[in-house]
Amino acid sequence: MRILVQKFGGTSVATPDRRAQVVGKVSEAVTEGYSPVVVVSAIGRAGDPYATDTLIGLVKGIFPELPKRELDLLMSCGELISGVVTVSTLHSLGFDAVLLTGAQAGIITNDTFGDARIIRVEPENILKHTEEGKIVVVTGFQGVTEDGQITTLGRGGSDTTAAALGVALEAEAIDIYTDVDGIMTADPRIVEDAKILDVITYNEICQLAHQGAKVIHPRAVEIAMQRNIPMRIKSTFSNAPGTLVTNMQPDMNAGTDIVSDRLITGIAHTPNVTQIRVGTVDAADVRQADKKIFKAMALADISVDFISVQPEAVLYTVRDEVADKAVKILQNMGFNPEVARGCAKVSIVGAGIAGVPGVMADMVEALAEAGVTILQSADSHTTIWVLVHKEDMVGAVQALHKRFRLGV
Ligand code: ADP
Ligand code: MG
């Protein structure tokens with residue numbers, strides 16, 4: 001049996017016309033001899049009647065502190081609705097299909113409601129149905145704990161479902177269908193001439209995704225990478241070949257090593273970041289302070305980024321929505337933090353950055369020419385980040401895309 005996992009995002013299942021196109025992609029897979037296992041997200045995006053955010057809105061107005069367990073039960077409904085509608089579309093077009101919930105599909109998670117981790121997949125139930133010749137549709141974004149509690153997997157969770165199923169079913173590939181033709185050098189919503197990348201390594205897309213390119217969830221890439229299952233990012237609405245995510249070792253690929261000579265793969269951005277600066281009195285004070293601060297943030301489940309410990313201050317960033325919580329904790333500890341809300345993180349990602357002098361200089365120059373103020377910067381082997389004012393984010397991404405000639 002040749003299994004192909006096909007995941008369809010929220011925009012792909014949003015309308016009857018689009019769902020017909022989804023069935024077209026499933027039908028192509030059947031024609032090519034595959035047993036498709038189809039993963040669906042909830043219908044539409046925030047504001048649409050059955051989108052996850054809309055479901056959350058139903059209860060947040062009544063009582064903001066609904067237990068996470070119940071919230072997960074509610075959030076799992078979006079994919080259920082979408083799954084039933086997809087199965088009925090398949091039936092209406094003559095296909096034999098069955099819908100399985102995360103639990104029925106054997107997706108076992110830990111009990112971190114709202115952001116559960118998949119521990120393992122028990123694929124027997126799916127395989128039973130595929131062996132009977134049925135198309136199996138699985139609700140994305142959800143699983144079940146060992147003791148039967150329904151959990152959800154956090155933002156981008158349907159990508160993770162698809163990747164975990166791909167590994168467990170030893171699929172030939174994991175196809176992530178969305179509303180763009182593939183992974184691009186920047187978000188096409190803000191860079192007009194962003195270019196499709198034909199091939200990208202797991203590491204490169206993982207970096208891009210961690211830095212905000214939300215076309216795929218980084219956890220999904222990490223899961224697929226463990227077993228080297230190829231992923232393809234494709235459009236539901238075109239026949240473009242899409243982007244192949246693979247592990248392009250130069251020796252596996254003699255002569256056609258198109259990936260490793262690329263200096264920069266793409267530009268990613270993360271809006272809605274708050275910068276926090278905690279001033280301290282002297283160096284000894286800083287050593288104590290940073291330890292205490294980051295321990296307190298970890299205890300409160302606040303993830304921190306862009307950490308910079310300086311002689312007279314500790315600087316870091318958090319997501320806007322947890323900024324108030326972070327500030328309150330710091331004040332309770334006796335600190336008097338300075339807070340800059342409305343920042344954004346802009347990153348250039350590329351395996352070729354390491355060891356190439358002048359990339360940072362080019363970045364700084366391009367941003368200065370575009371009138372962008374750099375609030376903070378940091379770099380690693382494959383990524384250079386800058387923190388900028390939110391108003392400068394789009395201009396910064398566009399200027400960097402142009403400077404590094406990613407659109408040509
Ligand atoms: P889905 O509902 O299919 O999961 P998402 O909204 O999660 O779709 O992801 C697709 C979107 O990701 C695109 O519409 C695009 O605006 C955005 N995106 C951000 N960065 C990139 C990038 N580098 N390449 C392609 N798309 C990107
Ligand atoms: Mg997505």
Side-chain angles (χ1 to χ4, degrees), residues 5-15 18-19 21-22 25 38-48 50-54 78-79 82 86 139-141 152-163 174-201 204-221 224 231-238 240-245 262 264-272 344-350 383 393-394 396-398 400-401 404 406-407:
V5 174
Q6 298 180 295
K7 179 256 168 177
F8 295 92
T11 46
S12 297
V13 291
T15 63
R18 291 178 173 204
R19 292 192 285 271
Q21 285 175 286
V22 166
K25 296 297 180 189
V38 177
V39 176
V40 290
S41 297
I43 292 176
R45 289 197 172 132
D48 294 333
Y50 306 111
T52 306
D53 286 320
T54 311
E79 275 69 17
S82 159
T86 303
T139 54
F141 177 64
T152 66
L153 307 178
R155 293 282 136 165
S158 294
D159 295 338
T160 311
T161 302
I174 301 159
D175 286 347
I176 305 288
Y177 282 96
T178 182
D179 61 349
V180 285
D181 277 341
I183 295 168
M184 305 176 121
T185 48
D187 188 340
R189 280 184 226 188
I190 65 174
V191 176
E192 232 173 56
D193 63 346
K195 231 178 64 183
I196 307 268
L197 298 162
D198 300 329
V199 185
I200 193 168
T201 63
E204 287 172 311
I205 183 57
C206 228
Q207 282 298 328
L208 276 175
H210 273 299
Q211 302 315 327
K214 63 178 216 85
V215 61
I216 184 155
H217 197 280
R219 205 183 287 168
V221 180
M231 296 185 109
R232 291 177 295 206
I233 317 294
K234 295 180 173 196
S235 169
T236 307
F237 314 116
S238 82
T243 302
L244 173 67
V245 184
R262 188 157 65 201
I264 287 162
T265 313
I267 317 283
H269 61 278
T270 310
N272 310 326
K345 190 177 168 190
V346 174
S347 319
I348 58 176
V349 171
T383 308
M393 180 184 80
V394 170
V397 174
Q398 289 169 345
L400 294 172
H401 196 265
F404 293 106
L406 299 179

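Residue numbers start at 1 and run along the sequence shown. Read the numbers this way: they start at 1 and go in the same order the structure lists the ligands and their atoms. Computed from a predicted model, the values in this text were never measured in an experiment.
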Undergrad: Looking at R18, I'd like to know if its CZ atom is crowded, meaning that more than 12 non-hydrogen atoms belonging to other residues, nucleotides or ligands lie closer than 6.0 Å.
TA: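 Enclosed: over 12 neighbouring heavy atoms sit under 6.0 Å from CZ of R18.
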Undergrad: Check whether any side-chain heavy atom of R262 sits under 4.5 Å from a side-chain heavy atom of I200, and report yes or no.
TA: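 Result yes, sub-4.5 Å side-chain heavy-atom pair found.
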Undergrad: Determine whether S41 and E79 make a side-chain contact, defined as any pair of heavy atoms from C-beta on separated by less than 4.5 Å.
TA: yes
Undergrad: Give one line per pair: atom of ligand 1, protein atom, distance. Only N/O to N/O under 3.5 Å.
TA:
| residue | atom | partner | partner atom | Å |
| --- | --- | --- | --- | --- |
| ligand 1 | 2 (O) | G10 | N | 3.2 |
| ligand 1 | 3 (O) | T178 | OG1 | 2.7 |
| ligand 1 | 4 (O) | K7 | NZ | 3.2 |
| ligand 1 | 6 (O) | R45 | NH2 | 2.6 |
| ligand 1 | 6 (O) | K214 | NZ | 3.0 |
| ligand 1 | 7 (O) | K214 | O | 3.4 |
| ligand 1 | 8 (O) | R45 | NH2 | 3.4 |
| ligand 1 | 8 (O) | T178 | OG1 | 3.2 |
| ligand 1 | 14 (O) | D179 | OD1 | 2.8 |
| ligand 1 | 14 (O) | D179 | OD2 | 3.4 |
| ligand 1 | 14 (O) | R189 | NH2 | 2.8 |
| ligand 1 | 16 (O) | D187 | OD1 | 2.8 |
| ligand 1 | 16 (O) | R189 | NE | 2.7 |
| ligand 1 | 16 (O) | R189 | NH2 | 3.3 |
| ligand 1 | 23 (N) | M184 | O | 2.9 |
| ligand 1 | 24 (N) | M184 | N | 2.9 |

Undergrad: Of the non-hydrogen atoms in A163 and A224, which two are nearest, and what is the gap between them?
TA: CB-N, 4.3 Å
Undergrad: Whether D179 and K214 form a salt bridge (side-chain N of Lys/Arg under 4.0 Å from carboxylate O of Asp/Glu) is what I want to check.
TA: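 The answer is no: the pair does not qualify as a salt bridge.
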Undergrad: I183 pairs by side-chain contact (heavy atoms from CB on, under 4.5 Å) with which of I196, V245, L244?
TA: V245
